[in-house]
Amino acid sequence: MTTSLTLISHSLCPYVQRAAIVLTEKEIPFERVYIDLANKPDWFRAASPLGKVPLLKIGTDRYLFESAPIVEFIDETEPYQLHPADPAERARHRAYVEFASQCLNGIGALYNARTETDFKNTLNALRQKFEHLDEQVSRSGPFFSGDRFCLVDAAFGPVFRYFDVFESFTRLETFRDLEHVSSWRRQLADRPSVQFAVSENYGDLLLGFLENRGSWISSLLRNREQQKSWVATRLVSE
Ligand SMILES: N[C@@H](CCC(=O)N[C@@H](CS)C(=O)NCC(=O)O)C(=O)O
């Protein structure tokens, strides 16, 4: 691609990550512009009919919106397709990209859950999705459908990344005994395109976001911080 590409981003958005991963997989140079979603600039409102990131700016004045068409555009305009060639398998991959979006909705519901009961119910619903995925993902790995990294893998890298942060302060056991999903999750976490899709301080940014939700997960996080500071105070005073 000879035209310059700019990915209009937000540091925590998992849909933006999909586009960043695919651009990196395809070794396409691109710039990133971050916007404040709480204070959307006028040019962004004009370019984004749904008011959401990601946007892909092509050249100086064309914008694409919605992550699915954005990543398919990137895939189709560059050699070495990341979607399967077989139409039925491609349709199945597209369906699992949507499944990844539903997992993201479940994660949103999880970090917004106000009570322990809601939190547990939401986590159970997510666990059922991962159980289903454990049946679907390639047995030999490393990726969703075998040895080729596909667009569907780009959609799940950001899903699993949330759990890396959640597990840094609480035990959820969402993936317990899910051998195939766990192995896929590890492979995606090791993939450079997935790692570089977020900034180095992503974990801290997400922790700060979670702490301010006023939800059950915020209290888990604060309790954890309190426990740590009690231990530290005790160590200092002993
Ligand atoms: N269906 C959209 C979802 C994108 C999305 O939800 N973006 C969120 C951030 S992760 C956003 O921009 N929200 C701002 C808003 O809704 O005002 C896609 O696949 O691109």
Side-chain angles (χ1 to χ4, degrees), residues 5-26 28 30-58 62-77 82-83 90-113 122 126 129 144 150-166 188 193-199 201-215 217-218:
L5 295 179
T6 310
L7 185 61
I8 316 301
S9 304
H10 180 273
S11 15
L12 290 178
C13 178
Y15 298 95
V16 167
Q17 290 176 45
R18 294 180 182 181
I21 292 168
V22 173
L23 285 160
T24 308
E25 283 291 331
K26 298 216 144 199
I28 304 171
F30 67 103
E31 281 183 41
R32 285 182 85 152
V33 167
Y34 291 87
I35 62 150
D36 178 1
L37 287 173
N39 191 11
K40 296 173 186 168
D42 290 342
W43 67 263
F44 174 77
R45 287 181 188 282
S48 177
L50 298 174
K52 295 182 179 192
V53 288
L55 286 182
L56 185 70
K57 185 176 174 193
I58 308 171
R62 283 185 81 185
Y63 288 94
L64 299 181
F65 68 103
E66 283 293 311
S67 62
I70 289 174
V71 296
E72 293 206 10
F73 162 77
I74 299 163
D75 198 35
E76 285 166 15
T77 47
L82 299 181
H83 246 341
R90 191 159 65 242
R92 179 172 166 265
H93 277 220
R94 286 193 176 114
Y96 278 98
V97 169
E98 174 56 25
F99 195 88
S101 302
Q102 295 303 318
C103 290
L104 290 173
N105 288 346
I107 290 168
L110 187 72
Y111 62 60
N112 286 322
T122 313
L126 268 169
K129 287 196 168 56
F144 180 76
C150 292
L151 293 186
V152 68
D153 295 290
F156 276 96
V159 169
F160 296 136
R161 195 195 310 277
Y162 276 101
F163 289 88
D164 299 342
V165 176
F166 296 160
L188 292 182
S193 64
V194 175
Q195 291 173 348
F196 299 140
V198 291
S199 56
N201 63 346
Y202 170 85
D204 290 337
L205 291 176
L206 183 56
L207 288 172
F209 171 82
L210 295 174
E211 204 168 354
N212 290 321
R213 295 314 294 165
S215 63
I217 210 165
S218 319

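Count residues from 1 along the sequence. One-based numbering, in listed order, for ligands and for the atoms of each.
Aromatic ring pairs are classed by plane angle as parallel below 30°, tilted from 30° to 60° and perpendicular above 60°; the pair F166 and F163 is perpendicular.
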Distances only, to 0.1 Å: what are the N or O pairs between ligand 1 and the protein that fall under 3.5 Å?
residue: ligand 1; atom: 1 (N); partner: E66; partner atom: OE1; Å: 2.8
residue: ligand 1; atom: 1 (N); partner: E66; partner atom: OE2; Å: 3.3
residue: ligand 1; atom: 7 (N); partner: V53; partner atom: O; Å: 2.9
residue: ligand 1; atom: 12 (O); partner: V53; partner atom: N; Å: 2.8
residue: ligand 1; atom: 17 (O); partner: K40; partner atom: NZ; Å: 2.6
residue: ligand 1; atom: 19 (O); partner: S67; partner atom: N; Å: 3.4
residue: ligand 1; atom: 19 (O); partner: S67; partner atom: OG; Å: 2.6
residue: ligand 1; atom: 20 (O); partner: S67; partner atom: N; Å: 2.8

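With hydrogens and angles ignored, the 3.5 Å screen pairs no side-chain donor or acceptor of D75 with any backbone N or O of L151.
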Give every donor-acceptor pair under 3.5 Å between a side-chain atom in residues 42-58 and any protein atom, sequence neighbours left out.
residue: S48; atom: OG; partner: G51; partner atom: N; Å: 3.2
residue: S48; atom: OG; partner: K52; partner atom: N; Å: 2.9
residue: S48; atom: OG; partner: K52; partner atom: O; Å: 2.9

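A heavy-atom distance below 4.5 Å is found between the side chains of L82 and K26. With contacts defined as side-chain heavy-atom distances shorter than 4.5 Å, the pair N201/S11 does not qualify. Side chains of I35 and P41 form a contact here, defined as non-hydrogen atoms less than 4.5 Å apart.
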